[in-house]
Amino acid sequence: GVAMQVLTVSTVHQTHDWASPEQIEAFEHKSNDWMSAIIKENSIRYRGMGGVPMHDTKKAVAEVERCIGELGLSGIQIATFDGGREIGAPVLHPFWAKCQEMGAVVYIHPRGNRGDRFLNNYIWNSIGQSLEESMALASLMYEGVLDKYPELKICMCHGGGYFPYNLGRINRNYREKLGQASALPRTPTEFLKALWYDSCVYDEDVLQRLVEIVGDDKIIMGSDYPVGNPDPVGFIKSCKFAPDTERKILRGNAVQLFKL
């Protein structure tokens, strides 16, 4: 079973891209108050993540301070494209600086790609989510967020999307395309190893490959509840990892990341 769960709201079901800046701020504020109340009533079983109004960097910074300093939340959840910006955009760097300062874990999950090409056959979910995650990782890497704030604790959902499994092409571009190697202080593979990932990839081979790429100390068990894997513990066990690796993914890595 699961002894403790870190709760987040659903960025897909509770999206607020339609809302005014004032409505977004009020929504996040109320949602964070609700999350804080839930975990305080059930602190033995739950920890919680907050949300911030990324459309306004100053207000996002202030809400990080409130979530971590006042509400007792463990971190912040943001979308892969938030506040109308790529998440690595320089205008958002004060947000990342504040998360590093306060030791907040940042969990990244898409809101869903609503482009016309993704509307049919749930392609927004089956393909679009992984594209969104890959774009978010690219933004963090190329905008130098982790190089500027090396103590950040960032966890990407769904095993990082397509990015980790397309490293051949991404590393090739790093080596061969004009200006890339000089602009990036570390290789894409080294960049990936600086983040954490949840295990919700739905395929044993995929998770085994992710462990090979980033290491077994960078994966935490994810459920994608209530629409994801109905037995996340069983899925990890089905991967036939070595006992120490299995323990890290099921428990140890989350304990370390969230200081449980």
Side-chain angles (χ1 to χ4, degrees), residues 1-13 35 38-39 42-49 73-77 80 105-110 112 122 124-134 136-137 153-168 188-260:
V2 175
M4 178 173 283
Q5 186 173 1
V6 180
L7 303 176
T8 66
V9 302
S10 170
T11 53
V12 174
H13 295 95
M35 181 68 78
I38 291 292
I39 65 168
N42 304 274
S43 60
I44 295 176
R45 299 297 301 273
Y46 297 131
R47 294 292 187 271
M49 306 284 278
L73 301 179
S74 298
I76 302 297
Q77 178 181 226
T80 50
V105 177
V106 181
Y107 182 66
I108 303 172
H109 189 289
Y122 282 87
W124 72 267
N125 189 286
S126 60
I127 295 175
Q129 296 291 74
S130 295
L131 287 174
E132 286 295 312
E133 291 141 15
S134 300
L137 286 173
K153 297 183 289 186
I154 298 175
C155 182
M156 177 61 72
C157 70
H158 309 150
Y162 297 126
F163 196 109
Y165 315 102
N166 195 38
L167 275 175
T189 300
E190 292 168 337
F191 163 78
L192 285 182
K193 292 179 179 180
L195 289 84
W196 283 261
Y197 306 85
D198 78 26
S199 64
C200 199
V201 297
Y202 303 101
D203 184 275
E204 290 89 347
D205 290 340
V206 173
L207 187 58
Q208 290 163 354
R209 179 58 181 146
L210 184 61
V211 170
E212 292 174 359
I213 294 169
V214 302
D216 64 4
D217 58 343
K218 292 294 188 176
I219 315 294
I220 61 175
M221 186 178 71
S223 68
D224 231 0
Y225 182 85
V227 298
N229 195 320
D231 182 14
V233 175
F235 171 67
I236 300 301
K237 291 182 177 296
S238 73
C239 292
K240 308 297 183 183
F241 291 120
D244 185 57
T245 294
E246 184 177 288
R247 283 193 295 269
K248 287 181 179 180
I249 297 174
L250 289 176
R251 184 181 187 278
N253 294 339
V255 168
Q256 178 184 12
L257 179 60
F258 289 99
K259 298 181 179 179
L260 301 177

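Here the structure is a predicted model, which means the values were calculated and not measured.
Residue-environment remark: OH (Tyr162) exceeds the threshold of 12 foreign heavy atoms within 6.0 Å. The environment of Tyr225 atom OH is sparse: at most 12 non-hydrogen atoms of other residues, nucleotides or ligands sit within 6.0 angstrom.
The shortest side-chain heavy-atom distance between Ser223 and Gln5 falls under the 4.5 Å cut-off. Under the 4.5 Å side-chain criterion, counting only non-hydrogen atoms from C-beta, Tyr46 is not in contact with Val6. In this structure, the side chains of Val105 and Met49 come closer than 4.5 Å at one or more pairs of heavy atoms. Within the 4.5 Å cutoff, no side-chain heavy atoms of Ile39 are placed close to those of Arg45. The closest side-chain heavy-atom distance from Cys157 to Tyr107 is below 4.5 Å. Between Val211 and Gln208, the closest side-chain pair of non-hydrogen atoms is not below 4.5 Å. Counting only heavy atoms from C-beta outward, the side chains of Ile127 and Leu131 approach each other to under 4.5 Å. Thr8 has its side chain out of reach of His109: every pair of non-hydrogen atoms, C-beta onward, lies at least 4.5 Å apart.
Looking only at distances, no side-chain donor or acceptor of Arg47 sits under 3.5 Å from a matching main-chain atom of Leu7. No donor-acceptor pair under 3.5 Å is formed between the side chain of Asn253 and the backbone N or O of Ile220. Without hydrogens or angle criteria, Ser130 side chain to Gly161 main chain gives no donor-acceptor distance under 3.5 Å.
Taking all atoms of both residues into account, the shortest heavy-atom contact from Leu167 to Pro188 is CD2-CB, 4.1 Å. Pro164 and Ile213 get closest at one heavy-atom pair: O-CD1, 3.2 Å. Residue Ile219 comes nearest to Ser199 through the heavy atom pair CG2-CB, 4.0 Å, listed as atom of the first residue, atom of the second, then distance.
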Can you give each donor-acceptor pair under 3.5 Å made by side-chain atoms of residues 226-241, sequence neighbours left out, with the distance rounded to 0.1 Å?
| residue | atom | partner | partner atom | Å |
| --- | --- | --- | --- | --- |
| Asn229 | OD1 | Asp231 | N | 2.9 |
| Asp231 | OD1 | Gly234 | N | 3.0 |
| Lys237 | NZ | Glu246 | OE2 | 3.2 |
| Ser238 | OG | Glu204 | OE2 | 2.9 |
| Ser238 | OG | Phe235 | O | 2.6 |

* What do the steps show when you test Tyr197 against Leu192 for side chain to side chain contact (heavy atoms under 4.5 Å, CB included), and what is the final call? -> CA-CA 9 Å; Tyr197 306 85; Leu192 285 182; 3.2 Å; yes

* To do: Please step through salt bridge (Lys or Arg N to Asp or Glu O under 4.0 Å) for the pair Lys193 and Glu190, ending with a clear verdict.
  => CA-CA 5 Å; Lys193 292 179 179 180; Glu190 292 168 337; over 6 Å; no

* Test Val2 against Met221 for side chain to side chain contact (heavy atoms under 4.5 Å, CB included), laying out the working first. => CA-CA 10 Å; Val2 175; Met221 186 178 71; 4.0 Å; yes

* To do: Show the numbers, then the answer: is there a side chain to side chain contact (heavy atoms under 4.5 Å, CB included) between Leu195 and Leu137?
  => CA-CA 10 Å; Leu195 289 84; Leu137 286 173; 3.7 Å; yes

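Contacts classified as salt bridge (Lys or Arg N to Asp or Glu O under 4.0 Å) and involving residues 247-260 (residues at least two apart or in different chains) are given here: Asp216-Lys248, Asp244-Arg247, Asp244-Lys248.
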